[in-house]
Asks: 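Can you read through this structure? Questions will come right after.
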Amino acid sequence: MYTFIYIGEGLKPPVFYYGIDSKSPTLMPGEGSLDGQNEMGVSMLGDTYPIYKTTQIPIIIT
């Protein structure tokens with residue numbers, strides 16, 4: 001489970017795009033919205049490698 005939290009100042013973007021690389025063969029792309037809230041949760045399902053608290057996970061948000 002990943003949680004994206006808006007920490008910026010000013011207006012939140014209506015939509016944002018993200019890519020998560022959790023050591024899987026492909027980047028998991030997605031689209032999110034913070035409609036009236038400051039955070040959004042994303043669950044990753046499928047065949048992924050174990051992720052530990054010390055594992056760095058590259059995430060790209062635009």
Asks: Which distance, rounded to the nearest 0.5 Å, do you find between the CD1 of I61 and the OH of Y6?
Replies: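 So the gap between those two atoms works out to 12.0 Å.
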
Asks: Rounded to the nearest 0.5 Å, what's the gap from CD1 on I5 to CE on M40? Could you check?
Replies: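 Spacing of CD1 (I5) from CE (M40) equals 12.0 Å.
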
Asks: Can you name the closest pair of heavy atoms from F4 and L34 and give their distance?
Replies: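 Here F4 and L34 meet closest at O-CD2, 4.5 Å.
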
Asks: I'd like a table of donor-acceptor pairs (distance under 3.5 Å, sequence neighbours excluded) in which one partner is a side-chain atom from residues 12-20, with atom names and distances.
Replies:
unit_1 : atom_1 : unit_2 : atom_2 : d
K12    : NZ     : Q37    : O      : 2.7
K12    : NZ     : N38    : OD1    : 3.2

